[in-house]
Protein chains: 2
Amino acid sequence: MGRHSDYRRLIWRVLGAAAGPLSAEDLRDALAETGIGIATVYRHLKDGLSDGDLVCVELPGGPKRFEPADQPHHHYFECVECQAVFDLVGCPGGLDRLVPPGFEMDRHEVILSGRCHDCVSSGREAN
Amino acid sequence: MGRHSDYRRLIWRVLGAAAGPLSAEDLRDALAETGIGIATVYRHLKDGLSDGDLVCVELPGGPKRFEPADQPHHHYFECVECQAVFDLVGCPGGLDRLVPPGFEMDRHEVILSGRCHDCVSSGREAN
DNA sequence: ACATTAATGATATCGTATTATCGTTATCAG
DNA sequence: CTGATAACGATAATACGATATCATTAATGT
């Protein structure tokens, strides 16, 4: 095997412990001490997608983010200050009544945005 | 004045008649007969944003889309077949209860996806 | 007619996220 | 030790949306 075949394990561990989906850069930063290169991060993320272990989350105006595939249906909160994305629990009902006649909905996404706990309590302000 | 100062009017007319927000490319295609260039489209869109006449809508994995600013709060349906985006009327309630303690929500977005009326009735299938 | 100005189109350039290339290095088998 | 293999890092290349540049042309005023 190659030099550090445990990078994959490290990435999985970081993703598993995260409060929400992480981007490739987030992961590289989280593992900066190990000296991991961005190419390696993308490689493992790609493998994870093919293997079905990871899912990709796209939010408006940001890079692709990734999280373990074995999570129940949920949505996201994006902090406008620190750009972090947090998983939310639960799902609002009543979405079906928004669907126009003749349309067929098979997915939905709910994205809340505002300031996260840390940014609120540290008083960071939008400018 | 310049050659065709009515491009702006044309763009506004197309946006006003559209079933949802349009991208710069959508607009160029809609006005293809006029020979409008993509630079002109972007120029007028940019002006519209500065003037507050237009708003920008970003959906995951797509280009920026634009629509008139004088519309009531609403959400979107994106067709996975033809990629068109449609305005929806109404807004599901109960989003506040998704906000974790200590977080402050100031915006939300709801995006439904599936197949639009035309793609359903014409039998186009996802592959 | 002539000069001025503003709008335009072609295209070059940019920014950013992502992927591909390739030489290097660690690990392992014989 | 030697050769093969797989993982790696640096970085070149790509994709694509958006912007900047610049010469051209239409409308306007004189």
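- For the pair A:L10 CG and D:dA7 P, the interatomic distance rounds to 15 Å; values are reported in whole Å.
- Checking the phosphate oxygens (OP1, OP2) of D:dA7, no side-chain nitrogen or oxygen of A:T40 falls inside 4.0 Å.
- For A:H44, no side-chain nitrogen or oxygen approaches OP1 or OP2 of D:dA7 to under 4.0 Å.
- Partners of B:V55 by side chain to side chain contact (heavy atoms under 4.5 Å, CB included), not counting sequence neighbours, listed by chain and number: B:E67, B:A69.
- Computed from coordinates, the B:D26 CG to D:dA18 C1' distance equals 15 Å when rounded to whole Å.
- The side-chain hydrogen bond (donor to acceptor under 3.5 Å, both in side chains) contacts involving residues 13-23 of chain B comprise B:S23-B:D26, where partners must be two or more places apart or lie in separate chains.
- The nearest whole Å value for the distance from the CG atom in B:D47 to the P atom in C:dA6 is 14 Å.
- In this structure, CG of A:L45 is placed 14 Å from P of C:dA17, rounded to the nearest angstrom.
- Checked against side chain to side chain donor-acceptor pair (under 3.5 Å), B:R28 has no partners two or more places apart in sequence or in another chain.
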Scan the side chains in residues 85-106 of chain B for donor-acceptor partners under 3.5 Å anywhere in the protein, sequence neighbours excluded, and list what turns up.
residue: B:D87; atom: OD1; partner: B:H74; partner atom: NE2; Å: 3.0
residue: B:R97; atom: NH2; partner: A:C91; partner atom: O; Å: 3.4
residue: B:E104; atom: OE1; partner: A:R115; partner atom: NH2; Å: 2.8

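- Within the structure, every pair that satisfies the salt bridge (charged side-chain N to carboxylate O under 4.0 Å, His left out) test and touches residues 44-60 of chain B, not counting sequence neighbours, is listed here: B:R8-B:D51, B:R8-B:D53.
- Between the P atom of C:dA6 and the CG atom of B:D6 lies a distance of 17 Å, rounded to the nearest Å.
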Under-3.5 Å N/O pairs linking protein and nucleotides 18-22 of chain C:
residue: C:dT18; atom: OP1; partner: A:K64; partner atom: N; Å: 3.2
residue: C:dT18; atom: OP2; partner: A:Y42; partner atom: OH; Å: 2.9
residue: C:dA20; atom: OP2; partner: A:K46; partner atom: NZ; Å: 3.3

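- Close placement of the A:H73 and A:H108 rings is indicated, their centers lying within 6.0 Å of each other.
- Straight-line distance from the CD atom of B:E25 to the P atom of D:dT19: 14 Å, rounded to whole Å.
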